[in-house]
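Let me begin by presenting the structure, written as structure tokens, before commenting on it.
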Amino acid sequence: ASEEEPADKAGEQSRQVVVFAAASLQESFEAIGTEVEADHPELLVTFSFGGSSALAPQIVSGAPADVFAAASPATMQQVVDKDAAAGEPVLFARNRLQIAVPPDNPADVDSLDDLADPDLKLARCAAEVPCGDAAERALAAASVEVEADTLEEDVKGVLSKVELGEVDAGLVYRTDVQAANGKVKGIDFPESGKAVNDYLIAPIADAPEPDGAAIFVEFVRSERGRKILSDAGFDVP
Amino acid sequence: MPASTSPDHRLVAARARPPLPLLVPGLLALGFLVLPLLGLALRAPWRRLPDLLTSAQVLDALRLSLMCALLATLLSLLLGVPLAWLLARTDFPGRRIVRALVTVPLVLPPVVGGVALLMLLGRRGVVGQYLDAWFGLSLPFTTAAVVLAEAFVAMPFLVIAVEGALQATDSRYETAAATLGASRWMVFWRVTLPMAAPGVVAGSVLCFARALGEFGATITFAGSFPGVTRTMPIEVYLRLQSDPDTAIVLSLLLLAVSVLVLAMLRDRWTRSGLT
Amino acid sequence: MPASTSPDHRLVAARARPPLPLLVPGLLALGFLVLPLLGLALRAPWRRLPDLLTSAQVLDALRLSLMCALLATLLSLLLGVPLAWLLARTDFPGRRIVRALVTVPLVLPPVVGGVALLMLLGRRGVVGQYLDAWFGLSLPFTTAAVVLAEAFVAMPFLVIAVEGALQATDSRYETAAATLGASRWMVFWRVTLPMAAPGVVAGSVLCFARALGEFGATITFAGSFPGVTRTMPIEVYLRLQSDPDTAIVLSLLLLAVSVLVLAMLRDRWTRSGLT
Amino acid sequence: MTAGLTARMRVRRGGFDLDLDVAVAPHQVVALLGPNGAGKSTALQALAGLVPLTDGAVAVGDRRFEDTAGRLRVPAERRGVGMVFQDYLLFPHLTARDNVAFGLRARGVARRTAHAKADAWLERVGLIAYARSRPGALSGGQAQRVALARALVVEPDLLLLDEPLAALDAGTRIEVRAELRHHLADFAGCTVLVTHDPLDAMVLADRIVVVEHGRAVQSGAPSEVARSPRTDYVARLVGLNLLRGKAKGHGVALECGGSFVTRDTVDGSAFVAFSPTAVALHRSRPDGSARNVWHGRVVGLEQHADTVRVQVDGPPPVLADVTTAAVAELDLTPGAPVWVAVKATEVSCYPA
Amino acid sequence: MTAGLTARMRVRRGGFDLDLDVAVAPHQVVALLGPNGAGKSTALQALAGLVPLTDGAVAVGDRRFEDTAGRLRVPAERRGVGMVFQDYLLFPHLTARDNVAFGLRARGVARRTAHAKADAWLERVGLIAYARSRPGALSGGQAQRVALARALVVEPDLLLLDEPLAALDAGTRIEVRAELRHHLADFAGCTVLVTHDPLDAMVLADRIVVVEHGRAVQSGAPSEVARSPRTDYVARLVGLNLLRGKAKGHGVALECGGSFVTRDTVDGSAFVAFSPTAVALHRSRPDGSARNVWHGRVVGLEQHADTVRVQVDGPPPVLADVTTAAVAELDLTPGAPVWVAVKATEVSCYPA
Ligand SMILES: Nc1ncnc2c1ncn2[C@@H]1O[C@H](COP(=O)(O)OP(=O)(O)OP(=O)(O)O)[C@@H](O)[C@H]1O
Ligand SMILES: Nc1ncnc2c1ncn2[C@@H]1O[C@H](COP(=O)(O)OP(=O)(O)OP(=O)(O)O)[C@@H](O)[C@H]1O
Ligand SMILES: [Mg+2]
Ligand SMILES: [Mg+2]
């Protein structure tokens, strides 16, 4: 909805806050950006969304970023390791796993245990990526042995396979199920508390606009920011 | 009576039905390439198209994509055709290695390619730091960076296709041109290039299409700022995260536009030749 | 005395230094393509290479990648060369549209291509549901799916490069073959193909390289299961999330292997021709 | 049944218009003569099915190749023609042997047999040493001979030769022409030959069609055309006395009576050829160097721009080209007795 | 200073070996004659810089083109040669006009001027109507004429012509040959010509080099070579009487004395050409159709396989080929008086 505004404001001599953020934050952060701009008319919030792992090397190699919001502690760590973050990153959102099944739930899944059925087609993330790491933790906590048919590189891959009915179930984040608009059904499971993924945010050391960065980070952690994030399905600490 | 390349002057062998061993696999290939798109097109939620087509963000991305892909193709033509010529027509030590090296960016995962570009041209890159220090020039996260990233990924396609075409053209016409006093440059420009034109066109099509579809290297080297570096594929990628259906409509839109552009360019090229 | 394509029989114009307008951009292009790789290679943590080279997971991925890329190239040759021939040598209504359609998978973001393949050949796909119901055949999550996904993405490169080469070869030799009683198939096999060989080789190189680097369509259509569908690019992307340095070493390893394979294949092709 | 070629061809090609009827009986050779750009190559290409007819029909016997009325068009590869192209069109990627064997392989002949036959033909044209050379490594004349072998080896129903001897040097030309003649004599099909050389045309062809601007301006047996050429151009092009006989050493006993002394030594059946311009007519028996002198009678005179073609009864009967002044001086009128003299060095003699 | 071409060429090409010295003075035309595969085209390519010398040196005046000793090698495009290729090699993507203008454009001539000059040359070779045709739409003879125009228009220092008239029909050939002669007469550079046609060689060349198996077997002025050909092959190839004079109507007053009657009518300076085989020798004055009869004296005899070439003093002096039998019968010995007869129809006459 706010898409035209940054372009319009670019004409004025406003101060630009550049936020590098994980792609899964796009909708929430764009909403937050609009509100920040409303609060601070002198600011223009610009986003560069992408995979966290693509954004980290950009920041390390001197991208003109003011804020980095990462979808995993590991990618944030890459930035911290190169002393590119200003101060300690803070946790601002969590994402919780759900079992996603096609709306008609052909395999009648309603718990983690059901995933152990060898005939069931299951998709989940690979252990190397955050959602896979979370899935491993959840399955370990539930002591379920499952054999997935595919170990995806990101959670959207899992989701699209569920949507298209290629698999009977997949382990995805709650935000993804919510964004899928009813094309998949989400099933909560008790061990999901063990299967969370942490989102971290930090201002950048060489930020061209450190004040703006602070304002943005602060807004994300404010009540209004938390509301927007939790509406999108995130857990907010 | 030397070769004629313009179709209307060609001897035409009677065109009966093409032989089955060519027709069947050819049609299979066509089906294989086109049917998935058809499926996609049929299932795509086209009613969202009007919204998308009036969204400034989409239009920005589309405009940016076309412009950058065209510039990248132009850059690739300017640099890549000479490189192809060097590979095809000169003999220097290590030519085989160079030819293999040119192929290499094809295999590199684009994101890694983007990282490599950052390492070279980034603000702290091997070359980039001097650009920054001496000229205050910073390439990454600008539209120029998009063009560079696309050219890096797409140029090898052009080079290899053009080299293949050059290898296949009869170099005796070039020697004839040389006896007429044409410098090597003139031979290249007035004889080699026009005779290899179909290959150059094919290479440019590949290059343009690859550049238009480029995503990994672009987002890594240039970022994804709306209106500046966010091309259609990045837009599609981001939509895939939130709204896959829209993403598909957008891809198909990209397709349609690219087909249109290619048809237009091809026509012009084929009509006027390259001279 | 018709064209000679074997270099030793060619008239050789004296090879002075190449003209500057070709040399300079050619070298620029080379630098542009090779320097980033060099930077990457210099900064990569090579000491991890021994570990990686003995890791079963990496070796599995490498083997799988090579095999699938070769198979995809083979499939593309089998189906794509006939298609290129149909486009270049026959005249059917709508040929221009078909040619444009063939270009289209180039522009499609690979992930969307994967979705399209799923819609067609997936468990609930238009064709796939019958494959499943009638033959109990399910393509996704199999190695065959990797080959198909790679072929879908890479075949257009072959088709367009080969079509360009066919356009550039003198069709009068084909008419000469026809007067000798050669069927169109034989003309194709014994005259057209050998004369367009450099273009076919170039197209295959492009196709192989593109298939080897394929990521998006593969992971979407075939998934990523170690040893079955997890190719090197997928491995690289996974590592990029957790351990970017390793990812870079892996990419460079992939490069090295692909250069090796291409050099080997090219040599063989160029030596024996295609007949 | 193999019956002859009948063709009614009308071809538009850019600004050029070909309108030519050609009929060739089996076993017969028809030569197309005419200036550059007359449409000779176009006619051959149309017969081979390489350019479509705008209008007309082509058939060999009852096999109809093309008929614009019936919308019928047999593609080139199923016409069973053999063709020598003016610029050879040897496949650049194949050796001379493979070039020659190509047509046989296309007809399904086994590789080994095909190669053996190809080698035999390369032997005949004197190029067996070049069997493994690519066309790029052949000289112009060598390439033309390979092209000839390639067309002849398949023994096609219809043979189309576009200046098959043009690039050959004088010596080779005589040999290859003789070889070609032999082949054509054994050849059951129809042949259409394009050549600029009147000797080729007269020696090889049974009928001559003179083409100008895409139209036939004259046609007939070589001797007929030679006797009464319709234009000065044709007269110059088609003047040749061609006599058949049995040769022994320098002498030839002619079939039509009389005998001939020639420079060349041939044994057995032979042709004796000399130009009408080489024939001198005298009122009394000449005592000069001319080795062939006989008495005859004028039976016809045909005036052209600067010369008169005189038909003299023999034996042997000959044509003589003389100037108008000579006609007046010698008082040459039909019925007048004359002495005919032809120098032996002016006479070519070929094995027939 | 433009001085002549001096070339010492040794070229290995597969199994073939060329070893040939050629020297051409400015203004001079040297013809290479020889059988197919003798190495004529190879020699031209070496002169043009298209095949490297294995050993030797090529220079025009003091401009050294190539010297294997000095490791010097000027690339083709800087030698300033003009070349007509045996297979023309017209650029298929350019019109006839652009083909001809190519060399001028390469030398930096403005487009407009280049096109005007190209058109002038197309006019000369009779192809102005085809200026906008692509080579694919030209007939063989038309293509050759365009190739000739393309080489000549640039007025190169060194002109290399590989069978430039081979594909032309008889009529066009005479015209183009005369045109070429004119051009060569005005041409300050050196010309090397390859041809299979003795008439071309004799009319166009100042010197003849006969090449066999890559070696020169005989060389000299055409009249010398014609007078004493070293082999029978050369004798047949290079036999021609060529006389110069002033023509009026059918008569030509020869420069060397005497006069000639010809079939052709020419006005002004002209060449008279006829073969030695066309010359009949008599003991007494013949009364036949021969329009040209004069008295002479035998000055030399040269025996070849089957014929004797008799050198007769004039005026005009001529060569006659007669059989050995005729020599015996007429008792032809040096010093013997003879009557010489040449039929007017045997004599060609060209404007010089
Ligand atoms: N592909 C073509 N397209 C248009 N015009 C053509 C084409 N080929 C030939 N022509 C024209 O048709 C006419 C006849 O050409 P053709 O090649 O049949 O002549 P030809 O009799 O074989 O002459 P030559 O003796 O010189 O080979 C020429 O004027 C030529 O320019
Ligand atoms: N590129 C080449 N590679 C190897 N051998 C060659 C090459 N070109 C020519 N030859 C050989 O060299 C010899 C001389 O060829 P060249 O073309 O010079 O002959 P030519 O005198 O021009 O004959 P023609 O009158 O037939 O044109 C031939 O035997 C030929 O086979
Ligand atoms: Mg012709
Ligand atoms: Mg030659």
Side-chain angles (χ1 to χ4, degrees), chain B residues 3 10-11 13 18-19 21-22 25-26 28-29 33-36 39-40 79-80 82-83 85-86 90 100-109 112 116-117 119-120 126 160-161 164-165 167-168 170-172 175 178 184-185 198-199 202 205-206 209 212-213 233 236 251 255 258-259 262-263, chain C residues 3 10-11 13 18-19 21-22 25-26 28-29 33-36 39-40 79-80 82-83 85-86 90 100-109 112 116-117 119-120 126 160-161 164-165 167-168 170-172 175 178 184-185 198-199 202 205-206 209 212-213 233 236 251 255 258-259 262-263:
Chain B
R10 253 187 215 152
L11 306 186
L22 289 175
L28 266 178
L33 292 178
V34 170
L35 281 185
L40 214 57
L79 301 185
L83 180 56
W85 182 88
L86 287 177
T90 63
L101 280 177
V102 169
T103 329
V104 145
L106 298 181
V107 186
L108 202 66
V112 178
L117 283 175
M119 284 183 170
L120 187 76
V126 184
I160 289 168
Q167 299 271 14
D170 187 349
S171 66
R172 296 178 68 241
T175 68
R184 295 192 91 188
W185 165 251
V205 167
L206 291 179
L212 199 62
V236 169
S251 320
L255 286 195
S258 85
V259 166
L262 286 179
Chain C
R10 252 186 213 154
L11 306 185
L22 290 175
L28 266 177
L33 292 178
V34 169
L35 281 184
L40 215 56
L79 302 185
L83 180 55
W85 182 88
L86 287 177
T90 63
L101 281 178
V102 169
T103 329
V104 145
L106 298 180
V107 187
L108 202 65
V112 178
L117 281 175
M119 285 181 169
L120 186 75
V126 184
I160 289 167
Q167 298 271 14
D170 187 350
S171 66
R172 296 179 70 239
T175 66
R184 294 193 92 186
W185 165 251
V205 166
L206 291 178
L212 198 62
V236 169
S251 324
L255 287 196
S258 85
V259 167
L262 286 179

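Not measured: the values here are computed from a predicted model. FYI, side chains are in, hydrogens and waters are out, and symmetry mates aren't considered; it's all heavy atoms of this structure. Throughout, a chain's letter reflects where its sequence line sits, starting with A, and its residues are numbered from 1.
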Heavy-atom side-chain proximity of C:I160 to C:L106 below 4.5 angstrom: yes
Residue among C:P25, C:G164, C:G213 with most heavy-atom pairs under 4.5 Å to chain B: C:P25
Which atoms of C:L35 approach chain B - backbone, side chain, both or neither, heavy atom under 4.5 Å: both
Structural part of C:P109 lying under 4.5 Å from a heavy atom of chain B: side chain
Chain B contact via C:V107 - side chain, backbone, both or neither, heavy atoms under 4.5 Å: both
Those residues that, when tested against C:L22, pass side chain to side chain contact (heavy atoms under 4.5 Å, CB included) (two or more places apart): B:P82, B:W85, B:W185, B:F188, C:P19
Top of B:L212, B:L86, B:L117 for chain C proximity - count of heavy-atom pairs under 4.5 angstrom: B:L86
Residue among C:A100, C:S251, C:G199 with most heavy-atom pairs under 4.5 Å to chain B: C:S251
Residue selection (most heavy-atom pairs with chain B, distance under 4.5 Å) from C:V102, C:V126, C:L101, C:L108: C:L108
Part of C:V236 within contact of chain B (heavy atom distance under 4.5 Å): side chain
Between CG on residue C:D170 and CG on residue B:D170, distance to nearest 0.5 Å: 9.0 Å
C:Q167 to B:P198 - nearest heavy-atom pair and separation: CB-CB, 3.5 Å
Qualifying residues under side chain to side chain contact (heavy atoms under 4.5 Å, CB included), relative to C:A165, sequence neighbours excluded: C:A196
Atom group of C:L120 that falls short of 4.5 Å from chain B, counting heavy atoms: side chain
Spatial distance of atom CG (C:L79) from atom CG (B:L28) [nearest 0.5 Å]: 6.0 Å
